[in-house]
Amino acid sequence: MANTPNPIHHFIQGQVAPGTSSRQMDVFNPATGAVSGRVALANAADVGAAVAAAQAAFPAWADTPPIRRARVMFKFLELVNQHKDALAHLITAEHGKVFTDAQGEVSRGIDIIEFACGIPQLLKGDFTDQVSTGMDNWTLRQPLGVVAGITPFNFPVMVPMWMFPVAIAAGNTFILKPSPTDPSASLFMAELLKKAGLPDGVFNVVQGDKEAVDALLVHPDVKAISFVGSTPIANYIYETGAHHGKRVQALGGAKNHMVVMPDADLDQAVDALIGSAYGSAGERCMAISVAVLVGDVAERIMPKLIERTKTLKVLNGTNLAAEMGPIVTAAAHQRITGYIDAGEKEGAKLLVDGRVFDGAKAGEGCDHGFWMGGTLFDHVSTDMKIYKEEIFGPVLSCVRVPDFAQAVQIINDHEFGNGVSCFTRDGNVAREFARRIQVGMVGINVPIPVPMAWHGFGGWKKSLFGDMHAYGEEGVRFYTKQKSIMQRWPESIGKGAEFVMPTAK
């Protein structure tokens with residue numbers, strides 16, 4: 001008898017809730033292709049119930065002293081550290097990324113929780129004594145109310161943690177709408193928050209698809225939306241949310257380049273390209289998908305890249321020897337295959353073809369999983385589809401350019417501006433690259449320059465819609481509003497009405 005798929009529900013008002021919608025979606029183990037769960041897909045009524053719970057919980061939580069909110073975060077931090085491998089196993093089971101990579105994802109999420117624990121310091125305002133005779137002026141930051149996070153499949157733990165620890169610590173209540181592709185981690189985090197002492201209703205999870213997203217975007221009690229995903233959806237989230245009066249930060253797609261200069265350490269550059277292009281099967285918004293090879297670098301580096309791509313250890317993510325796991329879904333596998341087909345047709349030189357990978361080699365029971373090997377293209381030009389569009393898969397395109405100026409130019413001409421890297425030994429080249437490149441996150445001999453928790457994450461151009469980056473001090477500003485207070489007492493107020501603009505006296 002076949003196993004019954006595990007039901008995956010919502011989390012509203014401190015408890016698991018099945019919701020009122022009859023719609024569901026299968027959740028797969030990408031390594032085997034087997035259905036492992038069935039997730040509920042919320043309707044507007046389910047979203048309304050979560051918003052109502054968050055709205056009811058907001059006044060008391062906002063009035064809770066920041067130090068007490070921080071203590072809940074400290075307890076949550078302790079619990080996440082205790083259960084980080086359990087979270088990593090959930091990620092591998094539903095996303096497919098290798099277990100060690102999943103552990104790294106959880107660790108980067110933990111960084112944000114640690115940052116949020118400092119909220120009493122982060123919420124401190126400014127004070128000016130005697131701005132005018134007998135008058136003082138100060139500012140403070142207050143929470144917005146009910147805020148929501150709409151998060152992608154590729155980081156089911158880390159990306160939500162970019163949002164809710166800071167939002168909750170700042171005094172907001174939060175609704176998480178995770179990807180229905182890998183939803184189980186969201187419920188695990190909700191349970192840990194409850195165990196940490198978070199009051200019911202402060203954190204809620206609504207599983208679902210576009211119907212749930214649209215309900216959040218138009219609900220009048222949702223004050224802000226954070227989103228990470230593709231650029232077309234990010235643009236839609238931004239425009240719709242702003243139209244309905246919400247504060248929005250929407251992080252979109254990417255086409256991240258890595259420039260390899262002639263003076264670079266080629267072995268280090270190869271390691272960086274292989275890890276950043278094929279780690280997590282390329283399903284990262286910070287993955288390197290274009291290698292920009294300057295001068296004679298291409299002739300020297302290509303044999304090394306070909307060999308390393310061919311010998312990638314593509315295995316079930318539960319195997320600790322694995323370097324790359326499966327593609328997340330059959331639909332994603334089909335989309336990536338289409339891009340490889342297009343690259344061939346447009347004339348790029350296909351050096352390693354990931355389409356021919358046999359899933360049976362990945363481990364026992366993997367015959368029907370969503371498997372693909374690493375793919376490597378050379379002689380890619382900037383007018384090709386595989387160069388212009390985000391593939392979000394294990395496909396590395398190599399572009400040859402004559403000099404540094406051309407490398408900078410093609411990157412600056414691209415519509416995306418999320419992450420970029422330059423490998424060089426030349427300090428002046430590194431400095432000029434960092435200053436002149438039109439990209440939000442820059443690595444010098446660092447292939448995936450994801451900022452640490454206290455710096456903030458966000459790209460430029462069509463990689464970010466909105467004015468504030470995720471987490472860090474910008475995250476605190478996004479989830480709070482500034483209030484300015486001017487005060488004086490009767491004894492210092494002069495007699496008579498004043499009809500001119502107040503000035504310092």
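- For the pair Asp341 and Lys345, the salt-bridge criterion is not met [side-chain N within less than 4.0 Å of a carboxylate O].
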Original post:
Where do Asp214 and Leu217 land on the side chain to side chain contact (heavy atoms under 4.5 Å, CB included) test, with the steps shown first?
Top reply: CA-CA 5 Å; Asp214 286 342; Leu217 288 173; 4.0 Å; yes
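- Remark: the backbone N or O of Arg38 is not paired with any side-chain donor or acceptor of Gln24 at under 3.5 angstrom.
- The backbone N or O of His455 lies less than 3.5 Å from no partner atom in the side chain of Glu473, so there is not a single donor-acceptor pair.
- Atom NE2 of His9 and atom CG of Asp46 lie 11.5 Å apart (nearest 0.5 Å).
- In this structure, the side chain of Lys461 does not engage the main chain of Val439 through any donor-acceptor pair within 3.5 Å.
- Between Arg284 and Glu105 there is no salt bridge, since none of the side-chain N atoms of the basic residue sits less than 4.0 Å from a carboxylate O of the acidic one.
- No salt bridge links Lys255 with Glu415; every basic N to acidic carboxylate O contact stays at or beyond 4.0 Å.
- Counting only distance, with no hydrogens or angles, the side chain of Ser421 and the backbone of Val446 share a donor-acceptor pair below 3.5 Å.
- In terms of heavy atoms, Glu389 sits closest to Tyr339 at OE1-OH, 2.6 Å.
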**OP:** Starting from the C-alpha separation in whole Å, work towards a yes-or-no answer on side chain to side chain contact (heavy atoms under 4.5 Å, CB included) for Tyr238 and Gln249.
**Re:** CA-CA 7 Å; Tyr238 179 71; Gln249 58 177 192; over 6 Å; no
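- Side-chain contact of Gln409 with Asp413: a donor-acceptor pair under 3.5 Å is present, judged by distance alone.
- Enclosure of atom CD in Gln82 by more than 12 non-hydrogen atoms of other residues, nucleotides or ligands within 6.0 angstrom is indicated.
- Shown here for Glu283 and Pro326, the closest heavy-atom pair between the two residues is OE1-O, 4.3 Å.
- If you take OG on Ser107 and CE on Met158, they are separated by 11.0 Å, rounding to the nearest 0.5 Å.
- Two residues are said to be in side-chain contact when any heavy atoms from C-beta on lie closer than 4.5 Å; Val420 and Asn256 fail this criterion.
- Although no hydrogens or angles enter the test, the distance criterion places no donor-acceptor pair under 3.5 Å between the side chain of Lys304 and the main chain of Leu266.
- Aromatic ring orientation, Phe28 versus Phe370: perpendicular (interplanar angle above 60°, classes split at 30° and 60°).
- Distance check: Ser397 OG to Ile288 CD1 gives 12.0 Å after rounding to the nearest 0.5 Å.
- For His244 and His219, the ring centers sit 6.0 Å or farther from each other.
- For Arg400 and Asp378, the salt-bridge test passes: some basic side-chain N is under 4.0 Å from an acidic carboxylate O.
- Contact of the Phe465 side chain with the Ile237 side chain is not registered, since no non-hydrogen atoms from C-beta on lie closer than 4.5 Å.
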Subject >> Trace of the side chain to side chain contact (heavy atoms under 4.5 Å, CB included) decision for Leu351 with Phe377 >> reply: CA-CA 6 Å; Leu351 301 176; Phe377 280 107; over 6 Å; no
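- Formation of a donor-acceptor pair under 3.5 Å by the Asn172 side chain with backbone atoms of Tyr479 is found in this model.
- Counting only heavy atoms from C-beta outward, the side chains of Ile340 and Met372 approach each other to under 4.5 Å.
- By the 4.0 Å N-to-carboxylate-O rule, Asp111 lies close enough to Arg108 to be salt-bridged with it.
- The shortest non-hydrogen separation linking Ala264 to Val260 is CB-CG1, 4.0 Å.
- The number of heavy atoms from other shown groups lying within 6.0 Å of NZ (Lys462) does not exceed 12.
- Across all their heavy atoms, Val380 and Ala348 have their closest contact at CG2-CB, 3.9 Å.
- For the atom pair NZ (Lys84) and CG (Asn81), the distance works out to 5.0 Å, reported to the nearest 0.5 Å.
- His469 approaches Gly456 most closely through the heavy-atom pair CB-C, 4.4 Å.
- The closest side-chain heavy-atom distance from Glu323 to Tyr278 is not below 4.5 Å.
- Between His414 and His257, the ring-plane angle classifies as perpendicular under the 30° and 60° cut-offs.
- Using a distance-only test at 3.5 Å, with no hydrogens or angles considered, a donor-acceptor pair links the side chain of Asn412 to the main chain of Arg436.
- For the pair Phe115 and Met452, the minimum side-chain heavy-atom distance is 4.5 Å or more.
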**OP:** For Arg355 and Glu344, run salt bridge (charged side-chain N to carboxylate O under 4.0 Å, His left out): C-alpha distance rounded to whole Å, both residues' side-chain angles, the deciding distance at 0.1 Å, then the answer.
**Re:** CA-CA 12 Å; Arg355 295 171 298 183; Glu344 270 195 302; 2.8 Å; yes
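- Although no hydrogens or angles enter the test, the distance criterion places a donor-acceptor pair under 3.5 Å between the side chain of Thr92 and the main chain of Lys97.
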**OP:** Go through the steps to decide whether Asp383 and Ser381 satisfy the test side chain to side chain donor-acceptor pair (under 3.5 Å), and finish with yes or no.
**Re:** CA-CA 6 Å; Asp383 60 343; Ser381 59; 2.4 Å; yes
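- A donor atom on one side chain and an acceptor atom on the other are found under 3.5 Å apart for Thr318 and Asn316.
- A perpendicular orientation is assigned to the rings of Phe153 and Phe392, their planes being inclined by more than 60° (bins at 30° and 60°).
- With rounding to the nearest 0.5 Å, the separation of OG1 in Thr382 from CD1 in Ile410 is 6.5 Å.
- Phe155 and His95 have their aromatic ring centers separated by at least 6.0 angstrom.
- The closest donor-acceptor contact from the side chain of Ser463 to the backbone of Gly253 lies under 3.5 Å.
- The number of heavy-atom neighbours closer than 6.0 Å to CZ of Arg300, taken from other residues, nucleotides and ligands shown, is above 12.
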**OP:** Go through Ser289 and Tyr387 one step at a time and tell me if the side chain to side chain donor-acceptor pair (under 3.5 Å) criterion holds.
**Re:** CA-CA 8 Å; Ser289 54; Tyr387 175 79; over 6 Å; no
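- The two residues Pro152 and Val159 make their nearest non-hydrogen contact at CD-CG1, 3.6 Å.
- One distance of note links CD of Glu307 with CG of Leu376; it measures 12.0 Å at 0.5 Å rounding.
- Residues Val328 and Thr181 form a side-chain contact, since some pair of their non-hydrogen atoms from C-beta on lies under 4.5 Å apart.
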**OP:** Please step through side chain to side chain contact (heavy atoms under 4.5 Å, CB included) for the pair Ile301 and Leu293, ending with a clear verdict.
**Re:** CA-CA 9 Å; Ile301 203 172; Leu293 309 177; 3.9 Å; yes
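- Looking only at distances, no side-chain donor or acceptor of Asn418 sits under 3.5 Å from a matching main-chain atom of Met441.
- The shortest side-chain heavy-atom distance between Pro156 and Glu94 does not fall under the 4.5 Å cut-off.
- Within a 6.0 Å sphere centred on CG of Asp467, heavy atoms belonging to other residues, nucleotides or ligands number 12 at most.
- Using a cut-off of 4.0 Å between Lys/Arg side-chain N and Asp/Glu carboxylate O, Asp263 and Arg425 are scored as not salt-bridged.
- Put simply, the side chain of Val228 reaches to within 4.5 Å of the side chain of Trp162, judged on heavy atoms.
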**OP:** Under the side chain to side chain donor-acceptor pair (under 3.5 Å) rule, what do Gln103 and Asp85 come out as? Steps first, then yes or no, please.
**Re:** CA-CA 7 Å; Gln103 288 177 308; Asp85 282 354; 3.0 Å; yes
